[in-house]
Amino acid sequence: MSVTLFQQRVYDAVSLIPVGRVATYKGVADRIRCGSPRAVGQALRLNPFAPSVPCHRVIASDLTPGGFQGERAGPVLRRKVRLLEHEGIRFTGGRLAEPERLFTFERV
DNA sequence: AGTCGCCACGAAG
DNA sequence: CTTCGTGGCGACT
């Protein structure tokens, strides 16, 4: 069970997302100064601290839900959406209903 | 040591 | 829609 420094940064940043807000993979990547949001997704996929690290609050930049527990569609992804809706986040037509719910990290 | 191929992405065409 | 850039990482050689 090894956690790389990069993963540590990702999990640390994601932990800053408040309840009722969501961040994007790009937002997280920008926060930790990683040029590849894809790498962030890869780290979250291996998230060993779920659900302590609220990886379900990270969505794609086009405001679609992104993935969850290795799945990019199907009932598993629906569970992610359900979790978010339980926190007051609504999705309409497969995309985030209220973009003002987006959480943007402070620039370092 | 290097290389290769995979990704829960994003931007551009 | 498709393709390309991208950074990190595991599995190889």
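On a predicted model such as this, the values are computed, not experimentally measured, just so you know. Below, all heavy atoms of this structure are taken into account, side chains as well, without hydrogens, waters or symmetry copies. So you know, we letter chains A, B, ... as the sequences are listed, proteins then strands, and number each from 1.
With both pairing distances under 3.5 Å, dA1(B) is matched to dT13(C) as a Watson-Crick or G-U wobble pair. For dA8(B), there is no paired base (Watson-Crick or G-U wobble, both distances below 3.5 Å).
Within residues 27-40 of chain A, the residues having any heavy atom closer than 4.0 Å to DNA chain B are, in order of number, Pro37(A), Arg38(A). Contacts between residues 59-71 of chain A and DNA chain B, defined by a heavy-atom separation under 4.0 Å, are made by Ala60(A), Ser61(A), Gly67(A), Gln69(A), Gly70(A).
Both Phe91(A) and Leu102(A) are assigned to one and the same hydrophobic cluster, defined by single-linkage of ILVMFWY side chains at heavy-atom distances under 4.5 Å. With hydrophobic clusters built from ILVMFWY side chains whose heavy atoms lie under 4.5 angstrom apart, Tyr25(A) shares a cluster with Phe103(A). Hydrophobic clustering (ILVMFWY, side-chain heavy atoms < 4.5 Å, transitive): Ile89(A) and Val81(A) are in one cluster. In the hydrophobic clustering of ILVMFWY residues, with side-chain heavy atoms under 4.5 Å counting as a link, Leu77(A) and Ile59(A) come out apart. The hydrophobic cluster containing Ile17(A) does not contain Leu84(A), counting ILVMFWY residues as joined when their side-chain heavy atoms lie under 4.5 angstrom apart, directly or transitively.
The residue Arg72(A) sits close only to the backbone: its heavy atoms come under 4.0 Å of sugar-phosphate atoms, none of a base. Phe6(A) comes within 4.0 angstrom of sugar-phosphate atoms only, judged by non-hydrogen atoms across all strands, and of no base.
Between Thr24(A) and dC9(B) there is no side-chain N or O to OP1 or OP2 distance below 4.0 Å.
Atom CG of Leu44(A) and atom C1' of dG8(C) are 13 Å apart (whole Å). For the pair Gln7(A) CD and dC7(B) P, the interatomic distance rounds to 16 Å; values are reported in whole Å. At whole-Å resolution of the value, CG in Leu46(A) and C1' in dG10(C) are 10 Å apart. In this entry the distance linking CD of Gln42(A) with C1' of dG5(B) reads 11 Å, nearest Å. Rounding to whole angstrom units, CZ of residue Arg95(A) and P of dG10(B) are separated by 15 Å.
Within the 3.5 Å criterion, the main-chain N or O of Gly20(A) finds a donor-acceptor partner in the side chain of Arg101(A).
Atoms CG and CZ, on Leu16(A) and Arg57(A) in that order, are 11.0 Å from each other to the nearest 0.5 Å.
Of the candidates dA8(B), dA11(B), dG8(C), the closest approach to any side-chain atom of Lys26(A) belongs to dA11(B).
Summarising the local packing, CZ of Arg82(A) is surrounded by more than 12 heavy atoms from other residues, nucleotides or ligands at distances under 6.0 Å.
Here the shortest heavy-atom pairing between Ala23(A) and Phe105(A) reads CB-CE1, 3.9 Å.
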